[in-house]
Engineer: 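Have a look at this one before I ask anything.
Letters A, B, ... are given to chains in the order of the sequence lines, protein chains preceding strands, and every chain is numbered from 1.
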Protein chains: 2
Amino acid sequence: MQGAARQSLNGGAERGPAGVSVALDGSSLDGKGPLFGQIKRAVAGQILRGRWQAGERLPNEEQLSSLYGVSRQTVHKAIALLAREGFLVRRRRAGTFVASVRHDRFALPIEDIGDVITRNGGVYEFRILDRKTLRNGEGLRWPDVPDGTPLLSLDCLHLGDGAPIQYERRLVNLDAVPEVVDEPFDSVAPSRWLVDQVPWSSAEHTVKAVNATADLAALLGVEPGTACLSIRRQTVHLNRCITLVHFLSVGDRFSLSGSSITDSATELNL
Amino acid sequence: MQGAARQSLNGGAERGPAGVSVALDGSSLDGKGPLFGQIKRAVAGQILRGRWQAGERLPNEEQLSSLYGVSRQTVHKAIALLAREGFLVRRRRAGTFVASVRHDRFALPIEDIGDVITRNGGVYEFRILDRKTLRNGEGLRWPDVPDGTPLLSLDCLHLGDGAPIQYERRLVNLDAVPEVVDEPFDSVAPSRWLVDQVPWSSAEHTVKAVNATADLAALLGVEPGTACLSIRRQTVHLNRCITLVHFLSVGDRFSLSGSSITDSATELNL
DNA sequence: CGGCCAATTATGTACATACATTATCGTCGC
DNA sequence: GCGACGATAATGTATGTACATAATTGGCCG
């Protein structure tokens, strides 16, 4: 730990027995991990405990640095990170403010079905049900891709412990990923293959609930009309559409779940 | 821009007419915005364009800094941010590597229904259908809260342009938020009130698809069995459960959608 | 009184330097 | 050959200093 070197150097704040700095307002650094992290925790703690209320202005970097007995840059790093994580809002010349808590965008991770099944100790398999090449606009249309573009169409079923879990309907842009025509997909699932092949850049998702049609119900082995989770994903790389997928999963065999990924509280061990 | 000051100082890399540094491998800084951002773009560009392949090792900070003609700290900041965003993996002594692209966690934002409706130009209303206080374990049980804890139970319906969109079943921990008993919820919806009142810390979500029961179908004005999106959210603050909500929305009247929020490509303007 | 402009203040970026941390690599000893 | 162990090379953190940037504040002038 860098405590030893620091102790001899800084003399800003009072120090407890274990080299823990105690600021004037009673908040204190816990001595665990990097300094900027301690500052983050200390400041975030003040906010979460309501000591610094939403909308309120924080002491400036200069004051905080002398409050905690560290340099301005260290404070700056901590505060800038908290701002990036949405706890604080900073305005030049005006100061740093506790974010007006409208942190209303929770985030939900969407994982690969194969990963989910194997992680839960299940046996994952998949089957290619249908595979064909076609041109956009002939029979079906992918709106964000020009008509006439050659496409690979894949129908695929994902199974966990032998039971069908998810049906996948996928289009791949052959102009963007020509190599895909040579890939048999006999061991690697299309989603995995694409993730490994194509340098990923961005994706758009839509999630909704639908009733299973007769065809789909037969494939998934459920009654027609059973509620299914529908996930549509379009992946784009350098402004070119790569693939458009539609996942359909039986409602009670598959769900999305997770803590909000911008969960700073977890990160901060509060 | 800080270009003027920099031009006279650094003499590491070749410079074009507009003060744009051109590195030896042909990649170049675009001169737009902060230096560390330019480095980020330059490096991310190499990766996205496949010039540096997945798993490959990057030049070390020293080499990059002389390559781009900036200081090591600036390179460090850029590279550390890219690592934090998942493009790179760093290991001390070993070096910096292009992430083996398993960037398999896409993220989906979950927004407040009221926000969604008003943003789309609709008229948002809600109705409290039922409100009572009870103790945990009597009639129903909230697993993560001790039995006997006083709870507020709320049933609520959210409407867009007069049509029911979402049914909300909520429990609020009265030990954690005693003030809620005095709130009539005649103008502010419970979700909004809680977000404003309680310093938020973290939330857990589960999303799945269910078939509407007869009761629910009547409330939402659809046929029994219609597929509905079910969102369960538990909010926690400083290790205390605040509220447990269950949202049920008609499949084709409501959906979750969004770009992945860790979309560095967007952030990087690539 | 109102608008323009300059001083001030707070954040933002960059560089230099120093030292901490930690795997890896290679060497030495057995 | 193989394990212990220390040198080494990479990233990580902390501080000092300087200047850039932006926006509020306040004063000056019409």
Engineer: For residues B:Leu81 and B:Phe36, determine if any side-chain heavy atom of one lies less than 4.5 Å from a side-chain heavy atom of the other.
Structural biologist: yes
Engineer: Nearest to the side chain of A:His76 - D:dA14, D:dT15, C:dT13?
Structural biologist: C:dT13
Engineer: In chain order, what residues pass the side-chain hydrogen bond (donor to acceptor under 3.5 Å, both in side chains) check against A:Asp144, with sequence neighbours excluded?
Structural biologist: A:Gln234
Engineer: Confirm from the modelled atom types if B:Arg90 and D:dT11 form a donor-acceptor pair under 3.5 Å, side chain to base only.
Structural biologist: no
Engineer: Decide yes or no, distance alone: a donor-acceptor N/O pair under 3.5 angstrom between the base of D:dT11 and the side-chain of B:Arg92.
Structural biologist: yes
Engineer: Side chain to side chain contact (heavy atoms under 4.5 Å, CB included) with A:Val180: which residues, sequence neighbours excluded?
Structural biologist: A:Leu152, A:Val172, A:Leu174, A:Val177, A:Phe185, A:Trp193
Engineer: Could you pull out all residues at least two apart from A:Phe126 that satisfy ring pair (Phe, Tyr, Trp, His ring centres under 6.0 Å)?
Structural biologist: none
Engineer: Without decimals, in angstroms, what is the distance between B:Leu64 CG and C:dC15 P?
Structural biologist: 14 Å
Engineer: Would you indicate, yes or no, if D:dA14 has its OP1 or OP2 atom less than 4.0 angstrom from a side-chain nitrogen or oxygen of A:Lys77?
Structural biologist: no
Engineer: When you measure from the side chain of A:Glu56 to the backbone N and O of A:Gln53, does any donor-acceptor pair fall under 3.5 Å?
Structural biologist: yes
Engineer: Just the table, please: protein N/O against nucleotides 25-28 of chain C N/O, every pair under 3.5 Å.
Structural biologist:
none

Engineer: Give a yes/no answer on whether the side chain of A:Thr96 brings an N or O atom under 4.0 Å of OP1 or OP2 in C:dA10.
Structural biologist: no
Engineer: Round to the nearest Å and state the distance from B:Arg84 atom CZ to D:dT11 atom C1'.
Structural biologist: 15 Å
Engineer: In whole Å, what is the span from the CG atom of B:Leu88 to the P atom of D:dA10?
Structural biologist: 16 Å
Engineer: Would you call B:Asp115 and B:Arg192 a salt bridge, taking side-chain N to carboxylate O under 4.0 Å as the test?
Structural biologist: yes
Engineer: My understanding is that only residues two or more places apart in sequence, or in another chain, count here; which of them pass side chain to side chain contact (heavy atoms under 4.5 Å, CB included) with A:Arg57?
Structural biologist: A:Phe97
Engineer: What nucleotide among C:dA14, D:dT21, D:dT13 has an atom nearest to a side-chain atom of A:Pro34?
Structural biologist: D:dT13
Engineer: Whole Å only: how far is the CZ atom of A:Phe36 from the C1' atom of D:dG12?
Structural biologist: 8 Å
Engineer: List for me each residue that meets side chain to side chain contact (heavy atoms under 4.5 Å, CB included) alongside A:Pro178, sequence neighbours excluded, and say none if there are none.
Structural biologist: none
Engineer: Could you pull out all residues at least two apart from A:Gln73 that satisfy side chain to side chain contact (heavy atoms under 4.5 Å, CB included)?
Structural biologist: A:Ser71
Engineer: Which pairs pass salt bridge (Lys or Arg N to Asp or Glu O under 4.0 Å) with one or both residues in residues 86-100 of chain A, sequence neighbours excluded?
Structural biologist: A:Glu61-A:Arg90
Engineer: Round to the nearest Å and state the distance from B:Leu81 atom CG to D:dT11 atom C1'.
Structural biologist: 15 Å
Engineer: For a quick check of understanding: with a heavy-atom distance under 4.0 Å over all strands, which category does B:Arg72 fall into, base, sugar-phosphate or nothing?
Structural biologist: base
Engineer: Using OP1 and OP2 only, check whether a side-chain N or O of B:Thr74 sits under 4.0 Å from C:dT13.
Structural biologist: no
Engineer: Side chain of B:Arg91 only, heavy atoms from C-beta on: which candidate in C:dA23, C:dT13, D:dT24 is closest?
Structural biologist: C:dA23
Engineer: By a strict heavy-atom criterion of less than 4.0 Å, which residues belonging to residues 55-62 of chain B are in contact with DNA chain D?
Structural biologist: B:Arg57, B:Asn60, B:Glu61
Engineer: Nearest heavy atom decides the nucleotide; on that basis, is A:Gln73 or A:Gly95 closer to the 5' end of DNA chain C?
Structural biologist: A:Gly95
